[in-house]
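Structure provided below as C-alpha coordinates; questions to follow.
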Protein chains: 2
Amino acid sequence: MSDLLERLRGRGWRMTSQRRVVAEVLDGDHVHLTADEVHARAVQRLPEISRATVYNTLRELVTLDEVIEVSTDGRAKRYDPNAHHPHQHLVCSRCGTIRDVHPTGDPLAALPEEERFGFTMSEVEVTYRGLCPSCA
Amino acid sequence: MSDLLERLRGRGWRMTSQRRVVAEVLDGDHVHLTADEVHARAVQRLPEISRATVYNTLRELVTLDEVIEVSTDGRAKRYDPNAHHPHQHLVCSRCGTIRDVHPTGDPLAALPEEERFGFTMSEVEVTYRGLCPSCA
DNA sequence: ATCCTACGATGGACAGAGTCTAAGTCAAGA
DNA sequence: TCTTGACTTAGACTCTGTCCATCGTAGGAT
Ligand SMILES: [Mn+2]
Ligand SMILES: [Mn+2]
Ligand SMILES: [Zn+2]
Ligand SMILES: [Zn+2]
(Lines give C-alpha, C1' and ligand atoms only; values in the text may rest on other atoms or scores of the structure.)
(Ligands and ions follow the chains in the order given, each with its own letter.)
Protein backbone atom coordinates (compact mmCIF):
# COMPACT_ATOMS: atom_id res chain seq x y z
CA MET A 1 0.00 0.00 0.00
CA SER A 2 2.99 2.32 0.04
CA ASP A 3 2.27 2.73 -3.69
CA LEU A 4 -0.90 4.43 -2.53
CA LEU A 5 1.03 6.73 -0.22
CA GLU A 6 3.36 7.59 -3.11
CA ARG A 7 0.47 8.32 -5.45
CA LEU A 8 -1.19 10.52 -2.87
CA ARG A 9 1.96 12.46 -2.17
CA GLY A 10 2.26 12.92 -5.93
CA ARG A 11 -1.23 14.37 -5.98
CA GLY A 12 -0.23 17.03 -3.48
CA TRP A 13 -1.59 15.37 -0.39
CA ARG A 14 -0.14 16.64 2.84
CA MET A 15 1.05 13.48 4.51
CA THR A 16 -0.13 13.24 8.10
CA SER A 17 0.13 10.39 10.57
CA GLN A 18 -3.68 10.06 10.47
CA ARG A 19 -3.83 9.62 6.71
CA ARG A 20 -0.93 7.19 6.80
CA VAL A 21 -2.71 5.05 9.39
CA VAL A 22 -6.01 5.01 7.48
CA ALA A 23 -4.18 3.95 4.33
CA GLU A 24 -2.40 1.18 6.26
CA VAL A 25 -5.64 -0.13 7.73
CA LEU A 26 -7.08 -0.43 4.22
CA ASP A 27 -4.22 -2.58 2.97
CA GLY A 28 -5.04 -6.12 1.81
CA ASP A 29 -7.41 -8.27 -0.22
CA HIS A 30 -11.12 -8.79 0.34
CA VAL A 31 -11.06 -5.77 2.65
CA HIS A 32 -14.52 -4.22 2.97
CA LEU A 33 -14.55 -2.35 6.26
CA THR A 34 -17.14 0.13 7.47
CA ALA A 35 -15.95 3.61 8.45
CA ASP A 36 -16.31 2.74 12.12
CA GLU A 37 -14.34 -0.47 11.66
CA VAL A 38 -11.59 1.53 9.96
CA HIS A 39 -11.67 3.93 12.88
CA ALA A 40 -11.49 1.13 15.44
CA ARG A 41 -8.40 -0.32 13.76
CA ALA A 42 -6.81 3.06 13.24
CA VAL A 43 -7.18 3.81 16.95
CA GLN A 44 -5.02 0.76 17.74
CA ARG A 45 -2.11 2.44 16.01
CA LEU A 46 -2.90 6.08 16.70
CA PRO A 47 -5.16 6.35 19.75
CA GLU A 48 -6.11 10.01 19.31
CA ILE A 49 -7.35 9.79 15.71
CA SER A 50 -10.89 11.12 15.42
CA ARG A 51 -13.95 9.71 13.74
CA ALA A 52 -14.31 12.88 11.64
CA THR A 53 -10.81 12.47 10.22
CA VAL A 54 -11.47 8.87 9.26
CA TYR A 55 -14.66 9.93 7.45
CA ASN A 56 -12.85 12.85 5.77
CA THR A 57 -9.95 10.67 4.63
CA LEU A 58 -12.22 7.93 3.31
CA ARG A 59 -14.25 10.47 1.37
CA GLU A 60 -11.09 11.88 -0.20
CA LEU A 61 -9.80 8.43 -1.11
CA VAL A 62 -13.12 7.74 -2.82
CA THR A 63 -12.97 11.04 -4.72
CA LEU A 64 -9.45 10.18 -5.88
CA ASP A 65 -10.66 6.75 -7.08
CA GLU A 66 -8.27 5.03 -4.73
CA VAL A 67 -11.05 3.37 -2.73
CA ILE A 68 -14.53 2.21 -3.74
CA GLU A 69 -17.64 2.74 -1.67
CA VAL A 70 -19.83 -0.36 -1.47
CA SER A 71 -23.30 -0.57 0.04
CA THR A 72 -24.51 -4.14 0.01
CA ASP A 73 -27.13 -3.78 2.70
CA GLY A 74 -29.03 -0.74 3.85
CA ARG A 75 -26.52 -0.31 6.66
CA ALA A 76 -23.11 1.33 6.84
CA LYS A 77 -21.16 1.75 3.61
CA ARG A 78 -18.04 -0.35 3.20
CA TYR A 79 -14.70 0.89 1.90
CA ASP A 80 -12.85 -1.27 -0.61
CA PRO A 81 -9.20 -0.54 -1.49
CA ASN A 82 -9.36 -2.87 -4.50
CA ALA A 83 -10.21 0.00 -6.83
CA HIS A 84 -7.89 -0.78 -9.71
CA HIS A 85 -9.29 -4.18 -10.72
CA PRO A 86 -12.97 -4.00 -11.62
CA HIS A 87 -14.90 -6.64 -9.73
CA GLN A 88 -18.26 -7.52 -8.22
CA HIS A 89 -19.30 -8.80 -4.79
CA LEU A 90 -20.49 -12.03 -3.27
CA VAL A 91 -22.21 -11.50 0.07
CA CYS A 92 -23.29 -13.98 2.74
CA SER A 93 -26.92 -13.26 3.62
CA ARG A 94 -26.41 -14.51 7.16
CA CYS A 95 -23.05 -13.21 8.43
CA GLY A 96 -22.41 -10.45 5.90
CA THR A 97 -18.99 -11.67 4.75
CA ILE A 98 -18.01 -10.12 1.43
CA ARG A 99 -15.75 -11.61 -1.26
CA ASP A 100 -14.51 -10.05 -4.46
CA VAL A 101 -15.61 -11.97 -7.55
CA HIS A 102 -14.95 -11.65 -11.27
CA PRO A 103 -17.88 -12.69 -13.46
CA THR A 104 -17.16 -13.58 -17.07
CA GLY A 105 -18.36 -11.48 -19.98
CA ASP A 106 -19.73 -7.96 -20.10
CA PRO A 107 -22.68 -7.61 -17.73
CA LEU A 108 -23.99 -4.74 -19.85
CA ALA A 109 -24.52 -7.11 -22.78
CA ALA A 110 -27.45 -8.71 -20.96
CA LEU A 111 -29.51 -5.51 -21.13
CA PRO A 112 -31.23 -5.26 -24.53
CA GLU A 113 -31.44 -1.92 -26.28
CA GLU A 114 -35.20 -1.63 -25.81
CA GLU A 115 -34.74 -2.08 -22.05
CA ARG A 116 -32.38 0.89 -21.77
CA PHE A 117 -35.07 3.58 -21.92
CA GLY A 118 -32.72 5.93 -23.76
CA PHE A 119 -30.22 5.97 -20.90
CA THR A 120 -26.51 6.54 -21.55
CA MET A 121 -25.12 3.54 -19.70
CA SER A 122 -21.98 3.92 -17.63
CA GLU A 123 -21.59 1.06 -15.17
CA VAL A 124 -23.12 -2.09 -13.77
CA GLU A 125 -23.01 -3.28 -10.19
CA VAL A 126 -23.74 -6.92 -9.42
CA THR A 127 -24.29 -8.35 -5.96
CA TYR A 128 -24.43 -12.12 -5.64
CA ARG A 129 -26.11 -13.30 -2.46
CA GLY A 130 -26.01 -16.66 -0.77
CA LEU A 131 -24.77 -18.52 2.29
CA CYS A 132 -21.05 -18.88 2.93
CA PRO A 133 -19.68 -22.35 3.80
CA SER A 134 -19.68 -21.60 7.56
CA CYS A 135 -23.27 -20.36 7.55
CA ALA A 136 -24.79 -22.99 5.23
CA MET B 1 -53.79 -3.72 -5.85
CA SER B 2 -57.00 -5.02 -4.31
CA ASP B 3 -55.53 -8.46 -5.06
CA LEU B 4 -52.93 -7.53 -2.49
CA LEU B 5 -55.58 -6.55 0.05
CA GLU B 6 -57.31 -9.90 -0.57
CA ARG B 7 -54.08 -11.85 -0.12
CA LEU B 8 -53.31 -10.01 3.08
CA ARG B 9 -56.77 -10.58 4.51
CA GLY B 10 -56.29 -14.24 3.65
CA ARG B 11 -53.07 -14.27 5.62
CA GLY B 12 -54.89 -13.12 8.73
CA TRP B 13 -54.07 -9.44 8.52
CA ARG B 14 -56.34 -7.19 10.50
CA MET B 15 -57.49 -4.70 7.89
CA THR B 16 -57.09 -1.13 9.09
CA SER B 17 -57.52 2.13 7.22
CA GLN B 18 -53.79 2.78 7.63
CA ARG B 19 -52.76 -0.47 6.00
CA ARG B 20 -55.27 0.01 3.22
CA VAL B 21 -53.87 3.45 2.44
CA VAL B 22 -50.27 2.25 2.39
CA ALA B 23 -51.21 -0.53 -0.01
CA GLU B 24 -53.02 1.95 -2.24
CA VAL B 25 -50.03 4.30 -2.34
CA LEU B 26 -47.85 1.43 -3.52
CA ASP B 27 -50.08 0.62 -6.49
CA GLY B 28 -48.59 1.00 -9.97
CA ASP B 29 -45.57 0.32 -12.18
CA HIS B 30 -42.04 1.65 -11.75
CA VAL B 31 -42.99 2.62 -8.21
CA HIS B 32 -39.91 2.90 -5.99
CA LEU B 33 -40.82 5.22 -3.14
CA THR B 34 -38.91 5.83 0.05
CA ALA B 35 -40.68 5.25 3.36
CA ASP B 36 -41.03 8.99 3.85
CA GLU B 37 -42.46 9.43 0.36
CA VAL B 38 -44.97 6.70 1.10
CA HIS B 39 -45.84 8.49 4.31
CA ALA B 40 -46.25 11.85 2.55
CA ARG B 41 -48.67 10.35 0.04
CA ALA B 42 -50.53 8.37 2.68
CA VAL B 43 -51.08 11.55 4.68
CA GLN B 44 -52.97 13.03 1.72
CA ARG B 45 -55.62 10.38 2.12
CA LEU B 46 -55.45 9.79 5.86
CA PRO B 47 -53.97 12.85 7.58
CA GLU B 48 -53.40 11.26 10.97
CA ILE B 49 -51.35 8.25 9.81
CA SER B 50 -48.02 8.08 11.61
CA ARG B 51 -44.52 7.55 10.33
CA ALA B 52 -44.13 4.52 12.63
CA THR B 53 -47.14 2.81 11.12
CA VAL B 54 -45.82 3.34 7.61
CA TYR B 55 -42.50 1.79 8.60
CA ASN B 56 -44.25 -1.09 10.36
CA THR B 57 -46.52 -1.80 7.42
CA LEU B 58 -43.70 -1.64 4.88
CA ARG B 59 -41.62 -4.03 6.95
CA GLU B 60 -44.53 -6.49 7.10
CA LEU B 61 -45.13 -6.26 3.37
CA VAL B 62 -41.45 -7.03 2.79
CA THR B 63 -41.58 -10.01 5.16
CA LEU B 64 -44.64 -11.33 3.33
CA ASP B 65 -42.76 -10.97 -0.01
CA GLU B 66 -45.40 -8.57 -1.29
CA VAL B 67 -42.95 -5.69 -1.60
CA ILE B 68 -39.21 -5.62 -2.34
CA GLU B 69 -36.72 -3.42 -0.54
CA VAL B 70 -34.26 -1.75 -2.91
CA SER B 71 -31.20 0.26 -1.88
CA THR B 72 -29.58 1.74 -4.95
CA ASP B 73 -27.64 4.47 -3.19
CA GLY B 74 -26.48 4.75 0.38
CA ARG B 75 -29.59 6.77 1.15
CA ALA B 76 -33.13 5.77 2.11
CA LYS B 77 -34.37 2.33 1.02
CA ARG B 78 -37.03 2.24 -1.66
CA TYR B 79 -40.12 0.07 -1.61
CA ASP B 80 -41.11 -1.73 -4.79
CA PRO B 81 -44.53 -3.40 -5.16
CA ASN B 82 -43.42 -5.25 -8.29
CA ALA B 83 -42.44 -8.31 -6.26
CA HIS B 84 -43.97 -11.02 -8.40
CA HIS B 85 -42.00 -10.46 -11.61
CA PRO B 86 -38.27 -10.80 -11.02
CA HIS B 87 -36.45 -7.79 -12.43
CA GLN B 88 -33.42 -5.56 -12.05
CA HIS B 89 -32.97 -1.79 -11.86
CA LEU B 90 -31.70 0.98 -14.09
CA VAL B 91 -30.83 4.12 -12.15
CA CYS B 92 -30.01 7.63 -13.33
CA SER B 93 -26.79 8.74 -11.63
CA ARG B 94 -27.88 12.36 -11.74
CA CYS B 95 -31.56 12.54 -10.79
CA GLY B 96 -32.04 9.12 -9.21
CA THR B 97 -34.93 7.98 -11.42
CA ILE B 98 -35.40 4.22 -11.28
CA ARG B 99 -36.78 1.95 -14.01
CA ASP B 100 -37.50 -1.75 -13.87
CA VAL B 101 -35.50 -3.71 -16.46
CA HIS B 102 -35.39 -7.34 -17.53
CA PRO B 103 -31.94 -8.54 -18.60
CA THR B 104 -31.74 -11.65 -20.77
CA GLY B 105 -30.27 -14.92 -19.53
CA ASP B 106 -29.46 -16.09 -16.02
CA PRO B 107 -27.16 -13.57 -14.31
CA LEU B 108 -25.87 -16.38 -12.08
CA ALA B 109 -24.38 -18.12 -15.10
CA ALA B 110 -21.69 -15.44 -15.35
CA LEU B 111 -20.17 -16.46 -12.02
CA PRO B 112 -17.81 -19.44 -12.55
CA GLU B 113 -17.76 -22.23 -10.01
CA GLU B 114 -14.26 -21.36 -8.78
CA GLU B 115 -15.43 -17.83 -8.05
CA ARG B 116 -18.22 -18.97 -5.73
CA PHE B 117 -15.99 -19.72 -2.73
CA GLY B 118 -18.24 -22.60 -1.68
CA PHE B 119 -21.26 -20.32 -1.24
CA THR B 120 -24.79 -21.64 -1.72
CA MET B 121 -26.06 -19.04 -4.17
CA SER B 122 -29.57 -17.74 -3.81
CA GLU B 123 -30.03 -14.51 -5.72
CA VAL B 124 -28.37 -11.86 -7.83
CA GLU B 125 -29.05 -8.14 -7.77
CA VAL B 126 -27.97 -6.02 -10.73
CA THR B 127 -27.97 -2.24 -10.79
CA TYR B 128 -27.37 -0.56 -14.14
CA ARG B 129 -26.26 3.05 -13.82
CA GLY B 130 -26.25 5.81 -16.40
CA LEU B 131 -27.86 9.08 -17.36
CA CYS B 132 -31.53 9.25 -18.25
CA PRO B 133 -32.55 11.10 -21.43
CA SER B 134 -33.48 14.28 -19.53
CA CYS B 135 -30.18 14.37 -17.64
CA ALA B 136 -27.84 13.43 -20.51
C1' DA C 1 17.11 25.78 12.08
C1' DT C 2 13.23 28.69 12.53
C1' DC C 3 9.11 30.87 11.01
C1' DC C 4 4.57 31.11 8.61
C1' DT C 5 0.43 29.82 7.14
C1' DA C 6 -2.83 27.29 4.64
C1' DC C 7 -4.34 22.85 4.99
C1' DG C 8 -5.68 19.18 8.04
C1' DA C 9 -7.40 17.28 12.67
C1' DT C 10 -10.55 17.52 16.38
C1' DG C 11 -14.86 17.15 19.30
C1' DG C 12 -19.23 18.09 19.47
C1' DA C 13 -23.45 19.64 17.49
C1' DC C 14 -26.44 18.39 13.98
C1' DA C 15 -29.15 15.74 10.36
C1' DG C 16 -31.32 11.71 7.98
C1' DA C 17 -33.09 7.14 8.24
C1' DG C 18 -34.95 3.86 10.90
C1' DT C 19 -36.29 1.24 15.44
C1' DC C 20 -38.43 0.80 19.89
C1' DT C 21 -41.59 1.61 23.74
C1' DA C 22 -45.47 2.62 26.57
C1' DA C 23 -49.96 4.02 26.35
C1' DG C 24 -54.18 4.52 23.91
C1' DT C 25 -57.49 2.67 20.14
C1' DC C 26 -60.21 -0.34 17.47
C1' DA C 27 -61.29 -4.63 14.22
C1' DA C 28 -63.54 -8.43 14.43
C1' DG C 29 -64.95 -12.65 16.74
C1' DA C 30 -67.98 -14.30 20.78
C1' DT D 1 -72.74 -5.19 22.31
C1' DC D 2 -68.66 -6.59 24.69
C1' DT D 3 -64.01 -8.00 24.95
C1' DT D 4 -59.46 -8.37 23.86
C1' DG D 5 -55.28 -8.76 21.62
C1' DA D 6 -53.53 -6.74 17.63
C1' DC D 7 -52.67 -2.21 15.78
C1' DT D 8 -51.48 2.80 15.99
C1' DT D 9 -49.28 6.70 17.88
C1' DA D 10 -45.80 10.28 19.55
C1' DG D 11 -41.72 10.75 20.78
C1' DA D 12 -37.35 9.01 22.57
C1' DC D 13 -33.57 6.61 20.96
C1' DT D 14 -29.88 4.42 17.81
C1' DC D 15 -26.94 4.37 13.96
C1' DT D 16 -24.54 6.43 10.21
C1' DG D 17 -22.72 10.30 8.43
C1' DT D 18 -21.91 15.58 7.85
C1' DC D 19 -20.73 20.22 9.40
C1' DC D 20 -18.50 23.75 11.97
C1' DA D 21 -15.32 26.52 14.79
C1' DT D 22 -11.12 26.05 16.64
C1' DC D 23 -6.66 24.27 17.23
C1' DG D 24 -2.39 22.08 15.40
C1' DT D 25 1.15 21.05 12.15
C1' DA D 26 3.46 19.75 7.42
C1' DG D 27 6.32 21.51 4.64
C1' DG D 28 7.78 25.54 1.80
C1' DA D 29 10.14 30.10 2.50
C1' DT D 30 13.78 32.53 4.70
MN1 LIG E 1 -14.43 -5.53 -3.31
MN1 LIG F 1 -38.44 -2.37 -9.34
ZN1 LIG G 1 -21.81 -16.44 6.42
ZN1 LIG H 1 -31.87 11.68 -14.70
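To find a chain, count down the sequence lines: A is the first, B the second, and so on, and within it residues start at 1. As a basis for the values below, the full set of heavy atoms in this structure was taken, side chains included, without hydrogen atoms, waters or symmetry mates.
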*Round to the nearest Å and state the distance from Arg20(B) atom CZ to dC7(D) atom P.*
14 Å
*With respect to the side chain of Thr53(A), which nucleotide from dC20(C), dA9(C), dT18(D) is positioned closest?*
dA9(C)
*asked:* Rounded to whole Å, please give me the gap between CG in Leu58(A) and P in dA9(C).
replied: 12 Å
*Closest listed nucleotide, where the reference is the side chain of Ala52(B) and the choices are dT8(D), dT18(D), dG11(D)*: dG11(D)
*Any idea which heavy atoms bring Val101(B) and His87(B) closest together, and the distance?*
O-CB, 3.4 Å
*asked:* Over all strands shown, is Thr16(B) touching base, sugar-phosphate only, or nothing at heavy-atom distances under 4.0 angstrom?
replied: sugar-phosphate
*Nearest-angstrom distance from the residue atom CD of Glu69(A) to P of dT18(D)*: 8 Å
*State, to 0.1 Å, how close Phe119(B) and Cys92(A) come at their nearest heavy-atom pair, and which atoms those are.*
CE2-N, 3.6 Å
_For atom CE of Met15(A) and atom P of dG8(C), their distance in whole Å_ = 10 Å
_Quick check: closest heavy atoms across Glu115(B) and Leu111(B), and the distance to 0.1 Å?_
CB-CD1, 3.9 Å
*asked:* Closer than 3.5 angstrom, by distance alone: can the side chain of Arg19(A) be matched with the main-chain N or O of Arg14(A) as a donor-acceptor pair?
replied: yes
*Return the value, rounded to whole Å, for the distance between atom CD of Gln18(A) and atom C1' of dA9(C).*
6 Å
*Provide, to the nearest angstrom, the distance between the CZ atom belonging to Arg19(A) and the P atom belonging to dA26(D).*
12 Å
*Going by an N to O cut-off under 4.0 Å, is there a salt bridge joining Glu66(B) and Arg11(B)?*
yes
*Heavy-atom closest contact (Pro81(B) atom, Val67(B) atom, distance)*: CA-CG2, 4.2 Å
Pairs under 3.5 Å (N/O, protein and nucleotides 14-16 of chain D):
residue, atom, partner, partner atom, Å
dT16(D), OP1, Arg75(A), NH2, 3.2

*How many Å lie between CD on Glu37(A) and P on dG17(D), as a whole number?*
11 Å
*Is a donor on one side and an acceptor on the other found under 3.5 Å between the side chain of His39(B) and the backbone of Ile49(B)?*
yes
*Provide, to the nearest angstrom, the distance between the CG atom belonging to Leu33(B) and the P atom belonging to dG18(C).*
13 Å
*If you find the nucleotide of DNA chain D closest to Trp13(A) and the one closest to Ile49(B), which residue's nucleotide is nearer the 5' end?*
Ile49(B)
_Residue closer to the 5' end of DNA chain D, Arg78(A) versus Ser17(A) (nearest nucleotide)_ = Arg78(A)
*Looking only at side chains, do Asp100(A) and His32(A) share a donor and an acceptor under 3.5 Å apart?*
yes
*So which nucleotide from dT19(C), dT9(D), dG27(D) ends up closest to the side chain of Arg14(A)?*
dG27(D)
*Would you mind telling me which residue lines up with the more 5' stretch of DNA chain C, Arg59(B) or Arg9(B), judged by nearest nucleotide?*
Arg59(B)
*To the nearest 10°, let me know how far the axis at one end of the helix from dA1(C)-dT30(D) to dA30(C)-dT1(D) is tilted from the axis at the other, five pairs an end.*
20°
_Ser93(B) (side chain) donor-acceptor with Gly130(B) (main chain) under 3.5 angstrom_ = yes
*For the side chain of Ser122(B) and the backbone of Arg129(A), is there at least one donor-acceptor N/O pair under 3.5 Å apart?*
yes
